[in-house]
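Right, one structure below, let's go through it.
Atoms within each ligand, like the ligands themselves, are counted from 1 in listed order. All residue numbers refer to positions in the sequence shown, counting from 1.
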Amino acid sequence: MPLRDTPFKTIIEPFRIKVVEPIRFTTRAEREKALEEAGYNLFNLHSDDVLIDLLTDSGTGAMSSEQWAGMMRGNESYAGSPSFFRFEGTLREITGLKHILPTHQGRAAERILAGVALKAGDVVPSNTHFDTTRANVEAVGATALDLPTEEGRQPATIHPFKGNMDVEALRQVLKEQGDRVPLVMLTVTNNSGGGQPVSMANIRAVSEVCREFGVPLFMDACRYAENAYFIKLREEGYADRTPREIAQEMFSCVDGATMSAKKDGMANIGGFLALNDDVLAEKARSMLILTEGFPTYGGLAGYDLEALAVGFEEALEEPYLRYRLRSIEYLGERLLAAGIPIIQPTGGHAVYIDAGKLLPHIPQSEYPAWALSAALYLVGGVRSVEIGSVMFGRQPDGSEKPAALELVRLAFPRRMYTQSHVDYLAEVLAHVAEIKESIRGVRIVEAPEVLRHFSARFEPVGGALFG
Ligand code: F0G
């Protein structure tokens, strides 16, 4: 529905291109060499050697002309910059939260929140913690507890809100060990669970249980706009509401939020911690000054704050959200048609391939999702990311536990790629699916103890990725 008053159905990119950035074509031999030098870890590649980069949707998107105009207006005063007040004002309107602390990205907000609100022995329930959230909770000696619903654990089950939290399980945790739970987190959309949305009904239910037990609820709001649009499309009673109104309602259910504004802030860097509690906010501000910067810039330039103030609003525009969700759904349809199992329905920012199911000949101990993402690079120059046993398998005590799912995520930078890029991807993936039996597993050669997926080095089992 590109125009309300025409019968035309094609959903087009709701922008035209003003600046272009060339992408570099490589040969298979060049990619083989690059992959080997990278220790079979796509994080170690030079991005010039990548054709279509779907490593992440974080900070990688294209900014609008309005955002660039805002950057020129950026005021770099150390304290009290008007750019901060524009940033704060926009967020106050959308979130309704009282204290807004800018940070340089999401994990800085998480670290500050963990530093002021958690202690060793605490338990933090979530629908599913993102890896940095988990790492920040565990870094202070607390336990990060994931409570997704049953449907959320099943890749092929179609359900409109697979990001929901299991409210009964949450109630049980709060009943049995509520004194150890200083806060509850809700990740929207649920990134590690497939970019799946959380319904308004679930947000409300979680909020009510938290209030009943007197525990504050925080939203990990990275993809709040995509979540709001899913609510509009899928939840009864929201079809006629704007994404902005829906986002406001979502935030009205929580006591605070952390956000990586590199996602639905539509900018290349930024984040915030927002909260209502005056005492906690004061502590957080002191920590912010210690590690990020003065509270009116918090690790960001004035021009970043301006780009974000515009970006938070642009993320809520319907033509943009419609195009974004549809591009991802379209790739999902093409992959399903090629017999590639994916998490269904497709999420807001990415398509997640069920590599465990696609490559049953590779045992979990040989990281099938990691092997698949390396194969996609080798074959098509496509960079994706593993969300499986490399990312989640290592336990805080050093032991190994296979992840529940072995996924490869194809995350879409915002406003960056067009229809032909997506068609190319579908072609690469269909080809890899045809030769899937020849893909071999990988083993870890060296790895750090924490967040190992970022820098571990691998080698293919048997010497080559394709056997
Ligand atoms: N929470 C969620 C749900 C995220 O997806 C991310 C980042 C963070 C927190 C941390 O934010 O990177 O700004 O420090 N996700 C990126 C990704 C890295 O690729 O999904 P950050």
- Within the structure, does S260 bring an N/O atom to less than 3.5 angstrom of an N/O atom in ligand 1? yes

- Item | Polar contact flag for T187 and ligand 1 (N/O pairs, less than 3.5 Å) | no

- Measure M185 to ligand 1 on non-hydrogen atoms and call it side chain, backbone, both or neither using the 4.0 Å cut-off. neither

- Message: Residue-level breakdown please: for R107 versus ligand 1, do any non-hydrogen atoms fall below 4.0 Å on the side chain, on the backbone, on both, or on neither?
- Response: both

- Has M259 got any heavy atom lying under 4.0 angstrom from an atom of ligand 1? no

- Query: Does some non-hydrogen atom of E110 fall short of 4.0 Å from ligand 1?
  - Reply: yes

Taking only heavy atoms of [X] into account, list the atoms of ligand 1 that are under 4.0 Å away from them.
| X | result |
| --- | --- |
| C222 | 1 (N), 2 (C), 3 (C), 4 (C), 9 (C) |
| G106 | 11 (O), 13 (O), 14 (O), 21 (P) |
| K262 | 13 (O) |

- Task: Could you tell me the separation between the NE2 atom of H453 and the CZ atom of F43, rounded to the nearest 0.5 Å?
- Result: 5.0 Å

- Between atom CG of N227 and atom OG of S199, what is the distance when rounded to the nearest 0.5 Å? 8.5 Å

- Message: Apply salt bridge (charged side-chain N to carboxylate O under 4.0 Å, His left out) to residues E208 and R204 and explain how you reach the verdict.
- Response: CA-CA 6 Å; E208 276 161 24; R204 285 207 173 284; 5.6 Å; no

Measure the distance from [atom] to every protein heavy atom, then report the residue, atom name and distance (to 0.1 Å) of the closest one.
| atom | answer |
| --- | --- |
| atom 8 (C) of ligand 1 | F130 CD2, 3.4 Å |
| atom 21 (P) of ligand 1 | Q105 NE2, 3.3 Å |
| atom 10 (C) of ligand 1 | T132 OG1, 3.3 Å |
| atom 5 (O) of ligand 1 | N191 ND2, 2.7 Å |
| atom 16 (C) of ligand 1 | K263 NZ, 3.3 Å |

- Check whether any side-chain heavy atom of E249 lies under 4.5 Å from a side-chain heavy atom of R241, and answer yes or no. yes

- Message: Counting C-beta onward and ignoring hydrogens, is there a side-chain heavy-atom pair between T346 and L325 closer than 4.5 Å?
- Response: no

- Testing T187, D264, D57 for side chain to side chain donor-acceptor pair (under 3.5 Å) with R223, which one passes? D57

- Task: Classify the angle between the aromatic ring planes of F312 and F272 as parallel (below 30°), tilted (30 to 60°) or perpendicular (above 60°).
- Result: perpendicular

- Message: Assess the residue pair Y224 and L316 against the criterion (side chain to side chain contact (heavy atoms under 4.5 Å, CB included)); give the C-alpha distance rounded to whole Å, side-chain angles, the decisive distance to 0.1 Å, and a yes or no.
- Response: CA-CA 9 Å; Y224 74 98; L316 291 166; 3.8 Å; yes

- Item | Proximity winner for atom 1 (N) of ligand 1, if only heavy atoms of T56, D131, T60, D220 are counted | D220

- Task: Scan E93, E306, E313 and name whichever one has a salt bridge (charged side-chain N to carboxylate O under 4.0 Å, His left out) with R86.
- Result: E306

- Query: With a 3.5 Å cut-off and no angle check, do the side chains of E314 and S64 form a donor-acceptor pair?
  - Reply: yes

